[in-house]
Protein chains: 2
Amino acid sequence: MTGTRSYHHGDLRRALLAAAAEVIEESGPAALSLRDLARRAGVSHAAPAHHFGDKAGLLTALAVEGFDLLAEALHGADGGLLEAGVAYVDFAVRHRAHFEVMFRPDLYRREAPEVVAARERSGGALHAAVADLPPGHGTSGDARGDALAAWSIVHGFATLWNAGALPADVGDDPQAAARAVIHRLFGPR
Amino acid sequence: MTGTRSYHHGDLRRALLAAAAEVIEESGPAALSLRDLARRAGVSHAAPAHHFGDKAGLLTALAVEGFDLLAEALHGADGGLLEAGVAYVDFAVRHRAHFEVMFRPDLYRREAPEVVAARERSGGALHAAVADLPPGHGTSGDARGDALAAWSIVHGFATLWNAGALPADVGDDPQAAARAVIHRLFGPR
DNA sequence: ATCCTATCTTTCCATTGACAAGATGGCGCC
DNA sequence: GGCGCCATCTTGTCAATGGAAAGATAGGAT
């Protein structure tokens, strides 16, 4: 109901989450202001409280959305662990705001049941990808250790990329660069 | 001058940085308040502005301190790339506040000359460790790619550890766990 | 002894997050 | 069709914060 300018917004919750992601993407979570979000949505400064309670509540909802999007992305990646890793990086780059919040537990209520459930969904997707990996690709037989190493390398690469910490010679294609990095861990030899 | 309660604090700058690190370690950068730091140091709420200008200035100083500590830690690690990686993780865990700020460019002035210089010092230390690695340890001959993969895996592991995102079965010794992870990348075969 | 400058204080303002109480209007129910 | 319920949104308010401006203090240089 994008056209109506009535008393009721119609889709405030979604609008606020989208605006929050946009702000965080541009200026980081520190610059996030509930009142600014309300202004962008064209509602009063107290409207967000009804949907999220407080700031942490809004970020909790963002984190849940993020973990679900991540699980979806990982499940959708065909091609074993390597492509799952690329999908992880791709998710982090394309949904930078969600990704940033998800791994910043001081910003939201990480113990909230919806968060725990969503986090388990994405964790399950990661482990499924590790289990799919055929032997002879640098795996050690210790699936748990493999998963931890894989998670570490893609998470680290994605974080450094998003932080702008990587030197310019890495290029401007995160997927390609990620593929090369992951290849060093699990690529066929 | 810890005893004197004079008009001049004597070591305000250092006291504020230490207090900031403590607060961030406990509650994250979002909870940082200049006024709270001033209260902890026993000075007026405007005193910090003289030393750091504003909040971003304080965090810039913290980041510089962090990059220098990291460079020092990496240089001090003997034992090639593996031990340098362990030192990286150890730094991130022991100086969690510095580490967190360093890679959150929206919190401080990442282009400030002191920051650029300090960052280059730690980057140089990392590359030196990669260059030290003897062949036959999974290196590909592409030192740049090796460095990126090594940096990614230790950075990812450290970040996930600090975020409390890792499952409990990883244990409680970050150095040991990190060693196992890095071993999968560059360990002798 | 005097000035000078870095350091710190006091005062003030706009913005923010959070809360309380009230207004609005869609929806089910009769 | 009319009525009342309740989710949704608004207005008003408060303490805390970051930041700026202007003044006080002290320790050292000349």
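All values below were derived from every heavy atom in this structure, side-chain atoms included, with hydrogens, water molecules and symmetry-related copies excluded. In the text below, chain A, chain B and the rest are named by the order of the sequence lines, each starting its count at 1.
- Contact annotation for Ala49(B): no contact, since no heavy-atom pair falls under 4.0 Å across all strands.
- Phe52(A) places its CZ atom 13 Å from the C1' atom of dT8(D), with the value rounded to the nearest Å.
- Atom CG of Asp172(A) has 12 or fewer neighbouring heavy atoms from other residues, nucleotides or ligands inside a 6.0 Å radius.
- Rounded to a whole Å, the CG atom of Leu37(B) is 12 Å from the C1' atom of dG18(D).
- A distance-only check finds no donor-acceptor pair linking the side chain of Ser152(B) to the backbone of Gly156(A) [under 3.5 Å].
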Close N or O pairs between protein and nucleotides 14-17 of chain C (under 3.5 Å):
residue: dT16(C); atom: OP2; partner: Arg39(A); partner atom: NH2; Å: 3.3
residue: dG17(C); atom: OP1; partner: Leu34(A); partner atom: N; Å: 3.2
residue: dG17(C); atom: OP1; partner: Lys55(A); partner atom: NZ; Å: 3.2
residue: dG17(C); atom: OP2; partner: Ser33(A); partner atom: OG; Å: 3.4
residue: dG17(C); atom: OP2; partner: Leu34(A); partner atom: N; Å: 3.0
residue: dG17(C); atom: OP2; partner: Arg35(A); partner atom: N; Å: 3.2
residue: dG17(C); atom: N7; partner: Arg35(A); partner atom: NH1; Å: 2.3
residue: dG17(C); atom: O6; partner: Arg35(A); partner atom: NH1; Å: 3.0

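- Contact between the side-chain N/O atoms of His50(B) and the OP1/OP2 oxygens of dT7(C) is found at a separation under 4.0 Å.
- Here Asp68(B) does not pair with Arg119(B) in a salt bridge; the nearest charged N to carboxylate O distance is not below 4.0 Å.
- Minimum heavy-atom separation, Arg104(B) to Pro29(B): NH1-CG, 3.6 Å.
- Regarding Arg13(A), its CZ atom lies at a distance of 15 Å from the P atom of dA7(D), rounded to whole Å.
- Following rounding to the nearest Å, Leu16(B) (CG) and dT7(C) (C1') show an atom-to-atom distance of 12 Å.
- Glu72(B) and Arg121(B) are not joined by a salt bridge, as no carboxylate oxygen comes within less than 4.0 angstrom of a charged side-chain nitrogen.
- Taking the six-membered ring where tryptophan is involved, the planes of Phe157(B) and Trp161(B) are tilted, since the angle between them lies from 30° to 60°.
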